[in-house]
Every structure is written in structure tokens, then in C-alpha cells.
2 protein chains.
Amino acid sequence: MATIRDVARAAGVSIATVSRVYADSPAVSEESTRRVLSAGARLDYWPNAAARSLTTSRTGALGVLLPDIHGEFFSEVIRGIDQAACTESFQVIVSGSHAHADALVSMGRSLRGRVDGLIVMAPDEACTPAIAQLARSFPIVLLNCSASCDSCDSISIANFEGAHTLVRHLLSLGHRRIAIILGPAGNVDAEDRRQGYRAALREAGIEPDSALEFAGDFSESSGYVAADALLRHASGVDAVFATNDCMAIGLLSALQDRGTHVPTDVALAGFDDIAVARYLNPPLTTVRVDAFQLGQRAVSLWLAHRQDRSVERGPVREVLPVRLVVRGSCGWRPSAGVGKADSLRERAVPARSRAGVVPFGAAGDQPLSSGMPAP
Amino acid sequence: MATIRDVARAAGVSIATVSRVYADSPAVSEESTRRVLSAGARLDYWPNAAARSLTTSRTGALGVLLPDIHGEFFSEVIRGIDQAACTESFQVIVSGSHAHADALVSMGRSLRGRVDGLIVMAPDEACTPAIAQLARSFPIVLLNCSASCDSCDSISIANFEGAHTLVRHLLSLGHRRIAIILGPAGNVDAEDRRQGYRAALREAGIEPDSALEFAGDFSESSGYVAADALLRHASGVDAVFATNDCMAIGLLSALQDRGTHVPTDVALAGFDDIAVARYLNPPLTTVRVDAFQLGQRAVSLWLAHRQDRSVERGPVREVLPVRLVVRGSCGWRPSAGVGKADSLRERAVPARSRAGVVPFGAAGDQPLSSGMPAP
DNA sequence: TTGTAAGCGTTATCAG
DNA sequence: CTGATAACGCTTACAA
């Protein structure tokens, strides 16, 4: 592999000049530039990133630490990060499977000298000290983390508001006994959604009944399992709020297996609006989280942070808004609806059947995949 | 940030000793090791990756170039890559959006000194020269690429076999006039699927009719649009093979909007078995591609390649097998089935309703998300 | 077992 | 505008 010296020799200039040319430094004569570029192209030369970052102490890369890169949600987050990083000419180094605090720290270590900063997602509260440790070595943006570290910017989802809005919607449809399937213990998203649920009930004059709060862990199977407990307890439950869509899907399967009809016998709602949600039968009413944007914003936050690193300022905490998506699983029908600013209703007859071309005319719906999809 | 010199000073040893300790070099006394480690921990030291890779000319990182990281398929590929790389202590640098040959080359350039090799996915034939160029700088594994470069190992999907098996299945159900929705022009996956389709027809004594081959580009909307052409041409089409699931979904929507019932009026099948497929109504018969494993195998191939770099050998070409997944969209019913070794049938009454706990007892079905799913 | 010193491929400083 | 040359932080012969 050709080095800067080879090019310098071939072009008949010094290595400094070659360096200047490849750094777009202004003070190089046209003649030199031409000769360097020509020699560089001939030798297939390009500056070595490691050497460059050793002297500049900038890497042009951004590390991303995730607990697990399973499922659509994470894939969208990564896509958002990559897209935003790419437009700023940053490379992205991803790493999944960092549920443990130890893994988090050792991963961060091995990234030293390799990235200019980190975007960390660690929904488990146990990771807080690990993150604090990492924050001493890198500028960090926390993505939807329970850990709130003093020096870190963070971005999170409007979990409370989303759950609150969703439950109010259920109430507006006349549901009274509303159960909830909880997320994993210690998960801050899950907890915030629970709080939103409780708050909405209280505002409606209903005291939250802990007997209506069922265990879950965000997995599809936990939703399936919850059905038994739910039906055992069935004394008049008229709606269920599963704190994420995966559990809603599991629950839906279980209910159908047991001959319980949704939404006639019981209404069902989820959270996240993953791609499958609108294909379920009935289509799932849920809360849309724009995971792509979440990733994008995390990068923006990080870039902003490093811009005014000098300026002394408190940590920025951004909250990504969410949106209620009303579909059929809660019994809502066009004629029966109650006006609601922040809700998005998909028409019973989707716009596509009229437009004839646009498959996802129903406002807010996105195709499963755009651009070049899976082969 | 502490350097090796700081640690050496604090531990009262030379930098060489510190280096040896952090490289797990054997010839260091216990006493020195202890002091170095203690000083290192106190100073929060860890070797700088850039400096290290500059001297060793190894980076411990693997670059991944994808055309677009949209959709479940790619997310699973990345997950497979990350998982496999992680167990071998390799970092993964991903980069999406490289449809153009130019972007591919410039991306590869900027990765120089940053990665030890590349996994490249570029389904467009126009990228072949760009890949050849990259291959001069890096050991490369081609992922499902049209470009077959002499010096590159590659892994791809059994597109031909999958399509062939699927169409045979359709034939076995009595379908005769079988249409196909094609993928993007120049996409090798799409083309291979078409060939598999044609071959199966010919073997059944049916001459492929190009009037039954409809344009598409793997996007959901192209599937939707194809419905019109299809119905216009409807002279007895009894089955449609959409060359990927996204198009099948679009097509299904369109057919339902037009009052055409699947599978009664027309059978429908897809390719990929993305997560949504089994939630459609009717559940989609399709061909399962294990994207996770595809990613894993790509890494294995790459690791093997770099192991015996010295050994002279031709390029390894691996093909990932696929599997027919029979659901309801083609009119198959348990009683009517014809025995078939490589087909996987999901029971009309899923196993879960019997097991009572396992949500996806139906063999081969996977949950949407395991582990820690989307919040 | 340990230390010294020569790189690794760049960039940055400072004269010319 | 250009060219020496000293870092950057680490590994690795080679010596001791």
C-alpha cells in the first residue's frame, strides 16, 4: 500500500505538500496539486486513517453502543444514526449486545482512539455507573437511557405522554376497566409508560388498580403468557394497554386462540407502531415512535455538543414526541370518534384504493421498506 | 487521557513493559504486571487503538458496506455480522446507502487504516468495477453480490432453488397460469428468482409466458402497482409469485382493494419470509431466507480467508440454503397437501394453542424479537 | 525479565 | 508556496 512518501517521491515534492493536497489546504500551487493528485491516483494512494487520527487526535468516527440490535426498532435507530453521521462525514461503529455494565465499559475502552464519541443506549438502570465512567473518556449522548449522567446530553421518547394519550383515547371510547401489561423491571421506558397510564386513569377519576397491572418483559411471548392471567382476572376488563407492540401481538394471538374477540370482547392497544402493527387483524391501535428520527437527533445532539464544547452549559435533554395511531383494535369507528388533536386516524378505506398508485396514502403510514429493499 | 508513558512512570517501569502487560505478553514478572495494572487502573489507561494499529498494521475492525440499511432483512444481516464479529473480538463499522459505484469506492478509501477487511453488498451489477478496485486494498467478502470478483470469496442466497421449489409447490396445488412480479433490472437476486421460476414451469411442461412476467422493483408500491397490469391481463392467472415479500404485501393490498380474494380468486406467494409475512391475511406462503445467518457466514468466510491468506486457493463461493414456508396464501390446506421434503408447513391451528405457553410453536417460526426488544 | 530505540504514516510547526 | 523535522502513542527487535 502506497504511503505519503511514495507519492511525494513520484510527484517530486515533499511529503508536506502531499499532505496539504489531501487535506485541501489552500496554499498549494496548481502545478503541485496536479502532480500530487496524478501520482496519488496512479499509486492508488489515500491517507491512512489511523496515522491521521494519531496526529490530529480526531477519528471522524462515532461509536454506537446498543443493548441488542434485534428487531425493527433498533434497526431504524441505527439507520437514523448512520444517515445523520454520513451527511457529516462520520463513520459509524456499531456494537450490540451490551446489556451488562461490564461489557459497556470494556467496549468503550477498546474504542479509545477509534471514535470521537459515543451514543449509548442502556435501558437498564444498573448501567448508570458504567456510563458515568465512559463519560470521562468520551463525549456521550444517551439514547433513551435510564441513566441520567450530569455531563451527558440525552434524548428520549415521550413515553409518559404517549401512554397518557393512548389511555385517554381508550377512556374516550367508553372503556373503564383498563389493564396494562408492564415492561421489564428497571426499564425506564416501561416505567414511564406505566406512569402515563396511571395518570390518565386518575384524571378520569379512576383509581389505578394494581390487580390490573400484569407482568411482562417487552417480549412477544410475555404478551402471550399474560393472556392467561388476564382472562383469569377477567372480571370486566374491557381494554388492555400492552406497553409495547411485541407484547400486544403475543397477547392478540393468545386471545384469539382462546376465542376472545378483539375489539368486541376486549380492546387492545400497543406502543411503538412497528411495521407489523397495521397488518394485524384487527390492525393495532398504538403509539408511533419515530425510531429513525430518534437516531438522527442523537447524532445532531452529539454534533452540537462537540461544537460548543468550550461553552459551559448544563446537559441538554431532548424528548422525542410520539403520536397516537388509531386503528381497529380498540373498537374505534369513523362515526363514533371523538375529536382529538394529536391522534392520527387511518381511514377505514385506505387512501390507496382511491389514489390507485400510492400504497400508503393513509397519512403517517410508511412503507415497510423504501429505496432498495431486501432482496 | 493517560498514555503509555504516564503509566510507565507511575508504575516505575519502561513503556515496553507496560506494552507487554496490555498485550498479554508472557515474559513479564508478576510484580511488574501487578504494578502496571494498578497504575493503569488508577490512570484509567487503555492502549490507543489508532496508535496500536499504526504499528501493527492490524485494526481489529471489519467494514460493512451495504446499499441501504432499510428494512428487516438488512437489520438481520447486520445483527448476524455484529454477533459473529463480536465473538472474534472484531469491531464492526457499518455504512449504508452505497448504491453508486463511486460512493462504494470513496467509502472504501476512507476506511483505509481503519479496517482489516470489508464485507460488501452491492446487488447492482454496475458496481462490479468498483468492487474490483476495492479488492486491491482489502480482503473482501461479497455478500449476495452480482459482482463476482476473481479474488473475492462470496456468499449468496439460493435464489434459484427457492423460486424453483416455490413454483413447484404452486404447481402441485394445481395452479397452472402462474404470473411473476420481477425485481429491479440488473439485480442478480431478482434475476435468479426469475430463472428458478421459469425452470420449474418448463419442468412441468409449461412454456414460460413473458406476458405473465410483470415489472417490479422489490418495493411495496411496485407490488401495489403491478396489480392493475395483472388484473387487466387476468385471463386465467391462478397464482402470482412476487419475487419478494414487500411486493407481495403491496399486491395483496391492491387485490383486496379491488375485491379479489386471496387465495380463492388467486394464489399469492412471496420470497424472504420477513416478520410481517405470517401476520398477513391470509398468512403469506413464502421462501425463508435466514438473513442473520447470512451475516454470520459472511464473517466466517472473511475470517477463514484471512487465516490462510498465504495459501493459494481459488475464491470460495458459498450459497445459503432457503426453505419453503407454506401458509395460507396459496390455498394449501392440511388435507390437500402433497408430501414434500423441503417444505415447511405451518399448521392451520398453530401449536401454541395447544402448548399454551410457547407463542411460536409452529416449527420454524421465530418471534418478532427476542431478548430485549424495542422499548 | 527489562529497557532502549527505531519505526508505523500522518499532521503541524517553523523556517526558508 | 514549499520543505525539514518533530511529534502523535504504541509495538517490537535488539541489547543488556
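Order of the sequence lines sets the chain letters (A, B, ...), proteins ahead of strands, with each chain counted from 1. All heavy atoms count here, side chains included; hydrogens, waters and symmetry mates do not.
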**Item:** Side-chain donor or acceptor of A:Arg35 paired with backbone N/O of A:Ala11 under 3.5 Å
**Value:** yes
**Request:** Kindly give the heavy-atom pair with the smallest separation between B:Gly117 and B:Leu62, and that separation in Å.
**Result:** O-CD1, 3.6 Å
**Message:** Looking at C:dT11, I'd like to know if its phosphate oxygens (OP1 or OP2) sit under 4.0 Å from a side-chain N or O belonging to A:Ser19.
**Reply:** yes
**Request:** Round to a whole Å and report the spacing from CD1 of B:Ile4 to P of D:dC10.
**Result:** 5 Å
**Request:** Compare the minimum distances between each of C:dG9, D:dT2, C:dT2 and the side chain of B:Leu54, then state the nucleotide with the smallest one.
**Result:** C:dG9
**Request:** Select from A:Val28 and A:Ile15 the residue whose nearest nucleotide in DNA chain D is closer to the 5' end of that strand.
**Result:** A:Val28
**Fill in**
With the side chain defined as heavy atoms from C-beta on, A:Thr55 is closest, among C:dA12, D:dC8, D:dT11, to D:dC8
**Complete:** Nearest-nucleotide check on DNA chain C, B:Thr33 vs A:Ala51; residue mapping nearer the 5' end is B:Thr33
**Item:** Sugar-phosphate only, base, or nothing, as touched by A:Ser32 at under 4.0 Å among non-hydrogen atoms
**Value:** sugar-phosphate
**Request:** May I ask you to verify whether the side chain of A:Arg20 and the base of D:dG3 hold a donor-acceptor pair under 3.5 Å?
**Result:** yes
**Message:** Closest approach to the side chain of B:Ala16, judged atom by atom: which nucleotide of C:dA12, C:dG3, D:dT2 is it?
**Reply:** C:dG3
**Request:** Describe the nucleic acid contact of B:Tyr22 in one word from base, sugar-phosphate, nothing, applying a heavy-atom distance below 4.0 Å.
**Result:** nothing
**Asked** Measuring from A:Ser53:OG to B:Leu54:CG, what's the distance to the nearest 0.5 Å?
**Response** 8.5 Å
**Request:** Before giving the answer on side chain to side chain contact (heavy atoms under 4.5 Å, CB included), spell out for B:Tyr45 and B:Asp6 the whole-Å C-alpha distance, their side-chain angles and the decisive distance to 0.1 Å.
**Result:** CA-CA 9 Å; B:Tyr45 168 79; B:Asp6 301 321; over 6 Å; no
**Selection from D:dC8, D:dT12, C:dT1 that lies nearest to any side-chain heavy atom of B:Thr56** = D:dT12
**Request:** Figure out the CE/P separation between A:Met1 and C:dC8, and round it to whole Å.
**Result:** 16 Å
**Prompt:** What distance separates A:Arg20 CZ from A:Thr33 OG1, expressed to the nearest 0.5 Å?
**Reply:** 11.0 Å
**Message:** Regarding B:Val18, tell me which of base, sugar-phosphate or nothing describes its non-hydrogen contacts under 4.0 Å with the strands shown.
**Reply:** nothing
**Item:** Nearest-Å distance for atom pair CZ/P, residues B:Arg34 and C:dT1
**Value:** 16 Å
**Fill in**
Atom CZ of A:Arg58 and atom P of C:dT11 are separated, to the nearest Å, by 10 Å
**Message:** Between B:Thr3 and D:dC8, is there a contact of a side-chain N or O with OP1 or OP2 at under 4.0 Å?
**Reply:** no
**Side-chain N or O of A:Ser14 closer than 4.0 Å to phosphate OP1/OP2 of D:dG3** = yes
**Item:** Length of the line joining A:Arg112:CZ and D:dG9:C1', which is rounded to integer Å
**Value:** 13 Å
**Fill in**
note: B:Asn48, atom CG; C:dT10, atom C1'; distance rounded to Å ~ 14 Å
**Closest non-hydrogen atom pair between B:Val105 and B:Ala130, with its separation** = CG2-CB, 3.6 Å
**Request:** Side chain of A:Thr17 only, please: which of C:dT10, D:dG3, C:dG7 is the nearest?
**Result:** D:dG3
**Message:** In this structure, how many angstroms lie between the P atom of C:dG9 and the CG atom of B:Leu111, rounded?
**Reply:** 18 Å
**Request:** Grab the CG-C1' distance between A:Asp6 and C:dC8 for me, whole Å please.
**Result:** 13 Å
